A.B. asks: 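Supplied in structure tokens, the structure appears directly below.
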Protein chains: 2
Amino acid sequence: MRAESTFLAAYDPAGYPPVAVTVDIVVLTIRDGALHVLLVERAEHPYRGRSALPGGFVRDETLAEAARRELAEETGLCPGEAALARVHLEQLRTYGDPGRDPRMRVMSVAYLGFAPSLPDPRAGGDAATAGWVPVDEARELAFDHDTVLADGLERARAKLEYTPLGTAFLGAEFTIGELRAVYAAVWGEQLHAGNFHRKVLSVPGFVESTGGTTSRGGERGGPRARLYRAGDAALLHPALLRPTREEQVR
Amino acid sequence: MRAESTFLAAYDPAGYPPVAVTVDIVVLTIRDGALHVLLVERAEHPYRGRSALPGGFVRDETLAEAARRELAEETGLCPGEAALARVHLEQLRTYGDPGRDPRMRVMSVAYLGFAPSLPDPRAGGDAATAGWVPVDEARELAFDHDTVLADGLERARAKLEYTPLGTAFLGAEFTIGELRAVYAAVWGEQLHAGNFHRKVLSVPGFVESTGGTTSRGGERGGPRARLYRAGDAALLHPALLRPTREEQVR
DNA sequence: CTAATAGTGTCTGTAAGACACTATGAG
DNA sequence: CTCATAGTGTCTTACAGACACTATTAG
């Protein structure tokens, strides 16, 4: 019976090989219309010099707290900073295969984050070599982080379909055009401006009007756009489905 | 920089408080038209005598292997058995808040399983007190297992919408009516037989005909039903959405 | 026979996508 | 002026759900 071995092991942790628990975070943001991910460069072996997802050991805190603390450290943002609080963080998945870290058994609880535009992270914290990298260029990462990033990207693409979390990439006020740029960057496809506009406004609770408009038109002309903020919906109904992919069958 | 502390900790695990890693599994099945979950009774403190999700410590194996091994042990099915291989298992989420186990820091990687009808688990294994319990009656579980079960149920309900995994609750061959009963049990709602039938057949790759029919009609009459097996679709397109809930806004 | 179920036909409302069109404002 | 963008109108097609109906078989 499980309970028995649980009891024994609890008082004899040395009876099991040691396990370390870390959090690694896939933080995404939009820069220059392209999806970027926060990466750090490893200074020590293994994988010295390779890029990796930021992360670290879990202390006496919840997993979510550990993820947010790591995010603050790696971005150099102060824990009290408003920009940090606006980052959406959710648990992605846990990676714990033996051998994924050559030193010992390491369980990594991965978190996925959606961040509005943040400054370059060089300023503070202990992330001497952290930086935002376009996701297309984030390859050959340390450990199994290629897989973690791929899982995070797929989750992010799916989340935009049925939740309003696309707004987490933007400031408190935004235009429909900016929101469309988020979808285009995450999905990697252009979206029809007119249809997207009507669809977003037709989903109850997705966005609500602030009443204001941008102070001037777009860079290359056009009328001023109305401003919106995130609505109170937790889920989008109906959902904004990605342009049909036929690859659902294998 | 993270890499540095990672390096140090890796060679001094004693420098961190010990952490135990377990897998807990939420295995669901349909019995008598109702959704059931596999529970065990705890023989030792803490939570002695309370029901709990089956689970145990992770050994030198992948997390998925640990989950399948625990499932085999708790159900008393032999590892090579066909019924066991047909159980769909996927990672659900990791629970690791300090204090969730009063003895020490325990990270529990929860898995979610969809099982066809299995025999009562008393026969073998070390699960002396394991059994299938209707999910409505599974309350006040040990540790944070109420939350884990709730998360598993919500994931299961969502999975039936956009994946063909409802077929994992059935045998190799099944009727559309049996598949509808699965959806009704998991979603807790009656579904219109005619519309469900047409919809299932209209989704490419959801089910494929075997050409056969049941040997006799239903218990209370009716024609023989055609038999189907699971198709090759990994995702349902279009999805089978749950009857509209208005609670998506909060 | 009756009752229950399998499976089909048909209609209606909603939504997605294509496309056209007007209005606005930067350069 | 030119041109890009914001935002709206409209048409077609697809699908969800309601409902009606026929066919089949247990009891």
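Not measured: the values here are computed from a predicted model. Below, chain A is the first sequence line, B the second, and so on; all start at residue 1.
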A.B. asks: Do we see a donor-acceptor contact under 3.5 Å between the side chains of A:Asp24 and A:Ser108?
C.D. replies: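 Result is yes, a qualifying pair exists.
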A.B. asks: What nucleic acid atoms does B:Gly217 come within less than 4.0 Å of, heavy atoms only: base, sugar-phosphate, or nothing?
C.D. replies: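 Sugar-phosphate contact only - B:Gly217 comes under 4.0 Å of backbone atoms but never of a base.
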A.B. asks: Quick check against the 3.5 Å criterion: does B:Tyr183 have a side-chain atom that pairs as donor or acceptor with the backbone of B:Leu160?
C.D. replies: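 Checking the backbone N and O of B:Leu160 against the side chain of B:Tyr183, a donor-acceptor pair under 3.5 Å is found.
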A.B. asks: When you check the phosphate oxygens OP1 and OP2 of C:dG9, does a side-chain N or O of B:Arg198 lie under 4.0 Å from one of them?
C.D. replies: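 The answer is no; no side-chain N or O of B:Arg198 sits under 4.0 Å from OP1 or OP2.
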A.B. asks: Considering all heavy atoms of both residues, which atom of A:Ile176 and which atom of A:Val200 are nearest to each other, and what is their separation?
C.D. replies: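 So the two residues come closest at CD1-CG1, 3.9 Å.
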A.B. asks: Considering only heavy atoms and no angle criterion, is a donor-acceptor pair shorter than 3.5 Å present between the side chain of A:Arg220 and the base of C:dG25?
C.D. replies: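 Check fails, no donor-acceptor contact within cut-off.
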A.B. asks: Starting from P on C:dG7, measure out to CZ on B:Arg180 and report it in whole angstrom.
C.D. replies: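 It is 10 Å, rounded to the nearest whole Å.
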A.B. asks: Given C:dT10, C:dA26, D:dA23, which nucleotide is nearest the side-chain atoms of A:Arg216?
C.D. replies: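 That would be C:dA26.
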A.B. asks: Roughly how many Å is it from NZ in B:Lys199 to P in D:dC15, rounded to a whole number?
C.D. replies: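 Spelled out: NZ on B:Lys199 to P on D:dC15 is 7 Å.
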A.B. asks: Using a heavy-atom cut-off of 4.0 Å across all strands, would you classify A:Arg226 as base, sugar-phosphate, or nothing?
C.D. replies: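 If one applies the 4.0 Å heavy-atom cut-off, A:Arg226 turns out to touch the sugar-phosphate alone, with no base involved.
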A.B. asks: Using whole Å, what does the distance between atom P of nucleotide D:dA6 and atom CG of A:Leu201 come to?
C.D. replies: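 Answer to the nearest Å: 13 Å.
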A.B. asks: Could you tell me whether A:Glu189 and A:Arg242 have a side-chain N and a carboxylate O separated by less than 4.0 Å?
C.D. replies: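 Salt bridge between A:Glu189 and A:Arg242, a charged N being under 4.0 Å from a carboxylate O: no.
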A.B. asks: Counting only side-chain heavy atoms from C-beta out, which of D:dT10, C:dG7, D:dT5 sits nearest to B:His197?
C.D. replies: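 Closest of the options to the side chain of B:His197: C:dG7.
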A.B. asks: Which of these nucleotides, D:dA18, D:dC15, D:dA6, is closest to any side-chain atom of B:Asn195?
C.D. replies: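 Nearest nucleotide to the side chain: D:dA18.
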A.B. asks: Within this structure, what is the NE2-to-P distance between B:His192 and D:dC21, rounded to whole angstrom?
C.D. replies: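 Distance, rounded to whole Å: 13 Å.
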